[in-house]
Amino acid sequence: MKRRAWWITNLILIVIFAAIALFLMLRKVDGSGAVQTMSNRLAAEVVLGIVFLIVSIIQLVLLRFVKK
């Protein structure tokens, strides 16, 4: 049961990250009113990718403990 919950959690996280990435690429103006250029969008995607990598590493560590 623990592994099933782990997989469901990972699927939900992937959907959330994909939705955020799509939102970042489609928005024209950010919250401060600055117009988004392609370089700004890519920088935001890189930051999101780093967060995704950190979350993925944490999930792999948790998987190791769930397997035991």
Side-chain angles (χ1 to χ4, degrees):
M1 185 63 183
K2 289 182 182 179
R3 284 181 117 181
R4 187 173 187 184
W6 183 82
W7 279 108
I8 291 171
T9 303
N10 281 338
L11 287 174
I12 291 170
L13 286 174
I14 289 172
V15 169
I16 289 171
F17 276 112
I20 293 171
L22 185 64
F23 171 74
L24 288 175
M25 289 307 286
L26 293 178
R27 70 181 179 173
K28 303 285 186 221
V29 180
D30 68 0
S32 66
V35 176
Q36 293 292 294
T37 63
M38 185 54 75
S39 61
N40 289 350
R41 291 177 183 164
L42 291 177
E45 292 287 333
V46 167
V47 171
L48 183 66
I50 291 170
V51 171
F52 184 74
L53 182 66
I54 292 169
V55 170
S56 297
I57 291 170
I58 292 170
Q59 285 289 340
L60 288 173
V61 170
L62 289 175
L63 175 63
R64 181 175 173 146
F65 289 117
V66 168
K67 280 186 171 182
K68 288 186 177 181

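All values reported here derive from a predicted model rather than from experimental measurement. Numbering of residues begins at 1 and proceeds along the displayed sequence.
- Taken together through direct or relayed side-chain contacts under 4.5 Å among Ile, Leu, Val, Met, Phe, Trp and Tyr, I16 and I8 form part of one hydrophobic cluster.
- With sequence neighbours left out, I54 forms a side chain to side chain contact (heavy atoms under 4.5 Å, CB included) with I50, I58.
- Residues satisfying the ring pair (Phe, Tyr, Trp, His ring centres under 6.0 Å) test with F23, not counting sequence neighbours, are none.
- Screening residues 29-48 for ring-ring contact (aromatic ring centres under 6.0 Å, His included), with sequence neighbours left out, gives no hits.
- Between the CZ atom of F17 and the CG atom of N10 there is a distance of 10.5 Å, given to the nearest 0.5 Å.
- When the side-chain hydrogen bond (donor to acceptor under 3.5 Å, both in side chains) test is applied to D30, the partners found at least two apart in sequence or on another chain are S32, Q36.
- To the nearest 0.5 Å, atom CD1 of residue I57 and atom CG of residue L53 are 4.5 Å apart.
- Taking hydrophobic clusters as Ile, Leu, Val, Met, Phe, Trp and Tyr residues chained together by side-chain heavy-atom distances below 4.5 Å, M25 does not share a cluster with L48.
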Name the atoms and distances for all side-chain donor-acceptor pairs under 3.5 Å in residues 39-47, with sequence neighbours left out.
{"residue": "S39", "atom": "OG", "partner": "T37", "partner atom": "OG1", "Å": "3.1"}
{"residue": "R41", "atom": "NE", "partner": "R27", "partner atom": "O", "Å": "3.4"}
{"residue": "R41", "atom": "NH2", "partner": "R27", "partner atom": "O", "Å": "2.9"}

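- The other residues sharing a hydrophobic cluster with F65 are V61, where clustering joins ILVMFWY side chains under 4.5 Å apart.
- I14 and L63 fall into different hydrophobic clusters, where Ile, Leu, Val, Met, Phe, Trp and Tyr residues are linked whenever their side-chain heavy atoms come under 4.5 Å apart, directly or through other members.
- Listed by chain and number, the hydrophobic cluster partners of L11 come to none, as no ILVMFWY side chain reaches under 4.5 Å of it.
- The side chain to side chain contact (heavy atoms under 4.5 Å, CB included) search around L60 returns none, not counting sequence neighbours.
- Under the 4.5 Å side-chain heavy-atom criterion for ILVMFWY residues, no single connected hydrophobic cluster contains both L62 and L13.
- Grouped with V29 in a hydrophobic cluster is no other residue, since no side-chain heavy-atom contact under 4.5 Å to another Ile, Leu, Val, Met, Phe, Trp or Tyr is found.
- Taking L26 as the reference, L22 meet the side chain to side chain contact (heavy atoms under 4.5 Å, CB included) condition, with sequence neighbours excluded.
- Sorted by first and then second residue, the side-chain hydrogen bond (donor to acceptor under 3.5 Å, both in side chains) pairs with a member in residues 49-63 read W6-Q59; sequence neighbours excluded.
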